[in-house]
Number of protein chains: 2
Amino acid sequence: MKTIQRLDPLYPTCPIRNIIDRISDKWSLLILSTLNQNGIMRYKELNNAIPDISQKMLSCTLKRLEANKLINRKMYAEIPPRVEYSLTETGQKLMPAIGMMVEWALEHYDEITK
Amino acid sequence: MKTIQRLDPLYPTCPIRNIIDRISDKWSLLILSTLNQNGIMRYKELNNAIPDISQKMLSCTLKRLEANKLINRKMYAEIPPRVEYSLTETGQKLMPAIGMMVEWALEHYDEITK
DNA sequence: CTGAATCCATTCAGATACTG
DNA sequence: CAGTATCTGAATGGATTCAG
């Protein structure tokens, strides 16, 4: 069972590493989970749901998630402005994997932190 | 269906966030995957398998993974020294979740990067 | 061989103030 | 309301050298 080098995570050129890098920052997984739980959310709602994120990091992370096609951004031309965020289909498909990590984290929390 | 605040990922005190933070750095997932594929590995073997990691980051990341009980470190009192790393049982249990992320990454690579 | 120690550049991330 | 701009300190990560 040979491994194709292009797809081997151990090689720097591997697309898997390329992708993992895009979501392994401090806030991405948390924002994705939040949107998964709540569906469509506005900027302010996200900020309320994640009280300890700064406006700057929220903006930056949302922008990157959008550029990576994991979330949708819909802006309404109203005053005051309204912007709604939601998971794309691609983003939704990632959630089961994240869910497994969360379960694992819950199960092993005591052991890891003690 | 109430959420218990202590376990709600949206709260800074949540253990899940605490744990995710420990493995969402640049190299941890990659090292865990490597050990999962190859079983027991020496320091140099890990370095060869992940050619673009620096010695410093390899050392640091291994040390942290060990402190978090995700890998075992076994040192032999020989000259030259030999040190072997392997997944703990806790580390092994995380692998299915990582595997799902890898599959997802493969499936959506073109879409995300284009 | 398996690191530890040091130095340095880059990036990250928070606080604050401001805008349409 | 939904951001942007700017400043600053902290953290990350690479290169290199040294040690047991």
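Source: prediction; values computed, not measured. In what follows, every chain begins at residue 1, and chains take the letters A, B, ... in the order their sequences are listed.
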(request) Would you check if A/Ile40 and A/Asn72 make a side-chain contact, meaning some heavy-atom pair closer than 4.5 Å? (result) no
(message) How many whole angstroms separate atom CG of A/Asn47 from atom P of D/dA2?
(response) 10 Å
(message) Between B/Glu107 and B/Trp104 (side chain of the first, backbone of the second, donor and acceptor by atom type, cut-off under 3.5 Å), is there such a pair?
(response) no
(request) Output all residues satisfying ring pair (Phe, Tyr, Trp, His ring centres under 6.0 Å) with B/Trp27, sequence neighbours left out; order by chain, then residue number. (result) none
(message) Angle between the end axes of the helix from C/dC1-D/dG20 to C/dG20-D/dC1, five pairs per end, to the nearest 10 degrees?
(response) 50°
(request) Could you tell me which residues satisfy side chain to side chain contact (heavy atoms under 4.5 Å, CB included) with B/Lys44, sequence neighbours excluded, listed by chain and number? (result) B/Asn48
(request) Would you mind reading off the distance between B/Lys63 atom NZ and D/dT12 atom P, rounded to a whole angstrom? (result) 15 Å
(message) Which heavy atom of B/Glu45 sits nearest to which heavy atom of B/Arg42, and what is that distance?
(response) OE1-N, 2.8 Å
Review item, nucleotides 14-19 of chain D N/O atoms under 3.5 Å of protein N/O:
| unit_1 | atom_1 | unit_2 | atom_2 | d |
| --- | --- | --- | --- | --- |
| D/dG14 | OP1 | B/Lys26 | NZ | 3.1 |
| D/dG14 | O6 | B/Lys56 | NZ | 2.3 |

(request) Assign A/Ser59 to base, sugar-phosphate, or nothing according to its heavy-atom contacts below 4.0 angstrom with the strands shown. (result) base
(request) In whole angstrom, give the distance that lies between atom CG of B/Leu58 and atom C1' of D/dT12. (result) 16 Å
(request) Nearest 0.5 Å please: distance from the NZ atom of B/Lys63 over to the CD1 atom of B/Ile71. (result) 11.5 Å
All N/O donor-acceptor pairs, side-chain side in residues 81-88 of chain B, below 3.5 Å, sequence neighbours left out:
| unit_1 | atom_1 | unit_2 | atom_2 | d |
| --- | --- | --- | --- | --- |
| B/Arg82 | NE | B/Glu78 | OE1 | 3.3 |
| B/Arg82 | NH1 | B/Glu84 | OE2 | 3.0 |
| B/Arg82 | NH2 | B/Glu78 | OE2 | 2.9 |
| B/Glu84 | OE1 | B/Tyr76 | OH | 3.0 |
| B/Tyr85 | OH | B/Arg73 | NE | 3.3 |
| B/Thr88 | OG1 | B/Lys69 | O | 2.7 |
| B/Thr88 | OG1 | B/Leu70 | O | 3.1 |
| B/Thr88 | OG1 | B/Thr90 | N | 3.4 |
| B/Thr88 | OG1 | B/Gly91 | N | 3.0 |

(request) Report the distance from atom CD1 of A/Ile23 to atom CG of A/Leu32, rounding to the nearest 0.5 Å. (result) 7.5 Å
(message) Below 4.0 Å from chain B heavy atoms, what is the first contacting nucleotide of DNA chain C and what is the last?
(response) C/dC1 to C/dC7
(message) Taking CD in A/Glu89 as the centre, count heavy atoms belonging to other residues, nucleotides or ligands within less than 6.0 Å. Is the count above 12?
(response) no
(message) If I take atom CZ from residue A/Arg17 and atom CZ from residue A/Arg22, how far apart are they, to the nearest 0.5 angstrom?
(response) 14.0 Å
(request) State which residues pass side chain to side chain contact (heavy atoms under 4.5 Å, CB included) with A/Gln55; sequence neighbours excluded, sorted by chain then number. (result) A/Tyr43, A/Asn47
(message) I need the residues from residues 73-86 of chain B with at least one non-hydrogen atom less than 4.0 Å from DNA chain D; give them sorted by number, or say none.
(response) B/Pro81
(request) May I have the distance from A/Leu46 (atom CG) to D/dC1 (atom C1'), rounded to whole angstrom? (result) 13 Å
(message) For DNA chain D, which residues of residues 64-72 of chain B approach it to below 4.0 angstrom with any heavy atom?
(response) none
(message) Suppose clustering is done on Ile, Leu, Val, Met, Phe, Trp and Tyr with side-chain heavy atoms closer than 4.5 Å. Which residues sit in the same group as B/Met100?
(response) A/Met100
(message) Checking A/Ser54 now: which residues fulfil side chain to side chain donor-acceptor pair (under 3.5 Å) with it, not counting sequence neighbours?
(response) none
(request) Evaluate the side-chain proximity of A/Ile53 to A/Ile50: yes if any heavy-atom separation is below 4.5 Å, no if none is. (result) yes
(request) Please list, chain by chain and in numerical order, all residues satisfying side chain to side chain donor-acceptor pair (under 3.5 Å) with A/Asp25, sequence neighbours excluded. (result) A/Ser28, A/Arg64
